[in-house]
**Q** 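Dropping the structure in here first, questions after.
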Amino acid sequence: MAMVAITNPQLSFNLFYCSVTGREASISRQTASRIRYRFSSSRWLSLNSSSSTNRSFDSFKSRCSIANTDVHLNHVAVEDEEISAVDIGCRTTPIVQLKSDVLDTESLSILTGDTYVDSLLTTLPVLTEEEQKTLAATPAHPEGLYAFYASCLAGNLVEQLWNFAWPSAIALLHPSLLPVAVMGFLTKLVIIIGGPLVGKLMDHSPRVPSYIFLNVVQASAQLLSAAMIIHAHTVSPASASSILLRPWFAVLVLAGAIERLSGVALGVAMERDWVVLLAGINRPIALAQANAVLNRIDLLCEIAGTSLFGILLSRYDPVACLKLAASLMVWSLPIMISLTWLTNKLSTGVLDRAKCCQASRRTSDEGPLPDAQNFVSTGLEAIKHGWREYIQQPVLPASLAYVLLYFNVVLTPGSLMTAFLTQRGLKPSVIGGFSGLCAFMGVAATFLSASLVRRFGILKAGAVGLTFQALLLTIAVAVYQSGTLSQRSPLLLFLCLIVFSRLGHMSYDIVGAQILQTGIPSSKANLIGTTEISVASLAESLMLGVVILANDVSHFGFLAMLSVLSVVGAAWMFCRWLLNPTEEQRSLFSFDPQL
């Protein structure tokens with residue numbers, strides 16, 4: 001806060017001095033431990049000077065004086081850090097002529113280009129409680145948010161279709177879980193290594209160009225993967241072990257790893273960064289609604305994508321279906337690019353302005369940006385820095401509970417479950433319907449989670465979701481271990497239990513996203529988010545390693561037991577963290593009435 005205090009009768013000044021040089025301003029650790037997104041003009045400078053004091057004050061000149069203003073730096077949310085930066089939009093030192101008649105009647109509101117778009121909340125102290133709730137539920141950039149939703153719809157539809165298409169097509173090559181497990185394992189290794197590096201690059205790159213570039217990379221990798229699988233279906237079939245040695249499989253693994261790494265980076269950018277800026281970090285209701293809409297879009301795309309490809313695969317040969325999927329990839333790319341550009345334009349360029357400040361906010365402990373000459377060492381430094389920041393985050397137990405869920409690789413609608421059901425002789429339309437129902441439960445969870453939060457609070461709602469999922473999956477494993485899964489009714493019960501367990505899983509996924517958005521500074525959202533995905537990928541790769549060793553379908557019961565234990569462990573860890581809250585946790589979630 002920069003203030004000028006004037007006492008009477010003698011003219012004296014008490015200046016909180018911000019040392020401004022060029023384009024940076026530093027604020028010490030003792031001054032502010034948590035810097036938020038607003039410039040507030042709600043505090044007024046009181047002048048009780050006499051007329052003689054006014055005449056003296058008319059001629060006073062200051063090199064850099066800021067009156068009547070609480071300075072909260074935009075786009076900087078720093079927890080216990082030494083530095084922060086603000087772009088004040090000037091390169092020369094201004095001379096400010098202060099006049100008492102102006103200061104008596106009007107407060108100075110100084111808004112940089114980063115903060116004027118969301119300055120409405122500075123009037124909250126004079127609004128009624130109902131008006132404050134209305135503002136809190138109003139997105140900062142509603143038009144840009146709607147364009148962002150459309151962009152997510154176009155991208156997620158193709159991605160979800162492809163996530164169902166490639167394991168189904170590979171499973172038809174040979175009746176074994178080995179090719180799918182190996183491809184998934186190697187893909188996770190790439191995410192573990194490359195996730196923090198990509199996250200750091202995105203934190204220091206312009207949002208819109210990097211987002212478009214990753215969309216192009218992902219679409220190109222999907223097209224290459226489709227071409228390799230089509231080639232595999234045109235050659236003579238081979239054993240599972242010989243498939244792994246084919247050149248096309250090596251290219252497929254590489255393309256799949258690049259596609260997943262790009263998809264992870266895009267997902268983190270959307271869920272942890274873009275939606276926060278467009279909805280407003282200090283508008284919790286609008287942010288919660290935006291998170292729910294993003295989850296609904298993703299799940300509806302999963303329903304549409306899996307159902308569509310499942311129906312096509314049951315009527316046509318795999319090659320024709322893959323060609324159709326490839327054509328959808330080509331057509332969707334320019335649509336996504338256009339909608340991304342439109343999002344930034346409708347939000348008055350807030351995505352561009354945010355990154356201008358971040359470039360000057362780097363500190364010595366963050367390490368250097370990657371460059372071509374020292375890429376390996378820079379990459380290792382980025383990985384080390386990402387893991388260090390991940391471990392130091394204040395909501396680590398909630399994140400680790402999320403990571404433990406990634407050990408569940410078989411009792412979930414994914415590539416291994418698709419391959420397992422395919423090899424048990426189920427029709428592709430039935431498998432697609434199962435995946436679609438799981439996604440539909442996720443859509444229902446977006447509405448259920450709101451009721452859970454209202455009744456139990458945000459943290460206890462997460463515990464309820466995890467406990468519900470663990471209970472249903474335990475029953476599902478008991479049904480499978482009974483040995484009656486060869487009959488139709490027990491198999492349907494087994495699948496239905498997995499479907500309903502998605503209610504708990506997605507409830508925690510939605511609530512957990514807001515927990516992490518609250519606890520992680522926005523300046524590190526991409527770095528910590530991609531590192532979290534890397535840790536989760538490490539957990540998933542360990543489980544996939546077990547699947548590779550026990551790749552026969554007869555070992556599915558053992559793999560299901562390991563999966564349910566990971567879910568139970570996640571529920572235990574989160575509930576233990578909830579029962580022993582720290583002071584920092586109470587401060588972060590002070591709005592939670594149940595904490």
Side-chain angles (χ1 to χ4, degrees), residues 159 163 166-167 178-204 210 214 217-218 221 225 244 249-269 271-272 366-367 369-370 375-393 396-410 412 414-416 509 512 516 520 524-549 559 562-563 566 569-570 573:
E159 184 174 353
N163 288 342
W166 75 262
L178 187 60
V180 175
V182 169
M183 186 173 175
F185 176 78
L186 296 177
T187 299
K188 300 306 176 184
L189 288 181
V190 173
I191 294 176
I192 293 169
I193 298 172
L197 178 58
V198 174
K200 185 172 183 178
L201 283 169
M202 293 187 68
D203 273 335
H204 296 89
S210 60
L214 285 175
V217 171
Q218 185 182 33
S225 300
L244 305 182
F249 188 78
V251 176
L252 177 63
V253 170
L254 178 61
I258 295 174
E259 189 272 336
R260 275 294 78 219
L261 185 59
S262 302
V264 165
L266 288 169
V268 169
E271 297 173 5
R272 303 288 177 84
E366 288 185 351
L369 286 177
F375 185 79
V376 176
S377 61
T378 302
L380 293 176
E381 179 63 27
I383 295 172
K384 184 194 303 183
H385 176 61
W387 282 66
R388 182 170 62 248
E389 293 290 346
Y390 176 77
I391 293 173
Q392 294 174 353
Q393 64 172 310
L396 179 61
S399 178
L400 289 178
Y402 175 76
V403 168
L404 279 175
L405 295 179
Y406 272 74
F407 278 100
N408 178 19
V409 297
V410 294
T412 185
S415 57
L416 286 176
D509 190 66
L516 296 174
I520 298 175
K524 301 176 182 178
N526 285 307
L527 177 63
I528 295 179
T530 51
T531 303
E532 178 186 72
I533 298 299
S534 296
V535 178
S537 298
L538 176 61
E540 192 171 358
S541 65
L542 292 175
M543 191 65 181
L544 288 172
V546 177
V547 176
I548 292 174
L549 296 177
L559 299 175
L562 293 180
S563 294
S566 69
M573 177 177 290

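When reading the values below, keep in mind they use all heavy atoms of this one structure, side chains included, and skip hydrogens, waters and symmetry mates. Counting begins at 1 with the first residue of the sequence.
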**Q** If you look at every heavy atom in Ala269 and Asn526, which pair is closest and at what distance?
**A** CA-OD1, 3.6 Å
**Q** Starting from the C-alpha separation in whole Å, work towards a yes-or-no answer on side-chain contact (heavy atoms from CB on, under 4.5 Å) for Thr530 and Met202.
**A** CA-CA 10 Å; Thr530 51; Met202 293 187 68; 5.6 Å; no
**Q** Run the side-chain contact (heavy atoms from CB on, under 4.5 Å) test on Gln393 and Leu516 for me, step by step, so that the C-alpha distance in whole Å, both residues' side-chain angles and the decisive distance to 0.1 Å come before the verdict.
**A** CA-CA 9 Å; Gln393 64 172 310; Leu516 296 174; 4.1 Å; yes
**Q** Is the closest side-chain heavy-atom distance between Leu538 and Tyr406 below 4.5 Å?
**A**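 Not in contact.
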**Q** Look up atom OG1 in Thr412 and atom CG in Leu405, then write down how far apart they are to the nearest 0.5 Å.
**A**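 Separation between the atoms: 9.5 Å.
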**Q** CG/Leu266 to CD/Glu271 distance, rounded to the nearest 0.5 angstrom?
**A**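 Going from the CG atom of Leu266 to the CD atom of Glu271 covers 11.0 Å.
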**Q** Go through the steps for Leu189 and Ile192 under the test side-chain contact (heavy atoms from CB on, under 4.5 Å), then give the verdict.
**A** CA-CA 5 Å; Leu189 288 181; Ile192 293 169; 4.2 Å; yes
**Q** What's the separation between atom CD1 in Ile191 and atom NZ in Lys188, rounded to the nearest 0.5 Å?
**A** 4.5 Å
**Q** Would you say Ser399 and Tyr390 make side-chain contact, with heavy atoms under 4.5 Å?
**A**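 Yes, side chains in contact.
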**Q** Under 3.5 Å, side chain of Ser541 to main-chain N/O of Phe185, donor-acceptor pair present?
**A**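 Not at all, since once roles are kept as given, no pair shorter than 3.5 Å links the two residues.
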**Q** Of all the heavy-atom pairs spanning Arg272 and Gly529, show the shortest one and how long it is.
**A**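 So the minimum-distance heavy-atom pair works out to NH1-CA, 3.7 Å.
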**Q** How many angstroms lie between atom CD1 of Ile528 and atom NE2 of His385, to the nearest 0.5 angstrom?
**A**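 Reported value, rounded in 0.5 Å steps: 8.0 Å.
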**Q** I'd like to know if the side chain of Ser566 reaches the main chain of Ser563, judged simply by a donor and an acceptor atom lying under 3.5 Å from each other, with no hydrogens or angles considered.
**A**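 The answer is yes, because a donor-acceptor pair under 3.5 Å joins these two groups.
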**Q** Atom CG of Leu559 and atom CG of Leu544: how far apart are they, to the nearest 0.5 Å?
**A** 10.0 Å
**Q** Taking all atoms of both residues into account, what is the closest heavy-atom pair of Gly263 and Glu159, and its distance?
**A** CA-OE2, 4.3 Å
**Q** Determine whether Thr531 and Trp387 satisfy the following criterion, side-chain contact (heavy atoms from CB on, under 4.5 Å), listing intermediate values before the conclusion.
**A** CA-CA 6 Å; Thr531 303; Trp387 282 66; 3.9 Å; yes
**Q** Calculate, to the nearest 0.5 Å, the distance between atoms OH and CD1 belonging to Tyr402 and Ile533 respectively.
**A** 4.5 Å
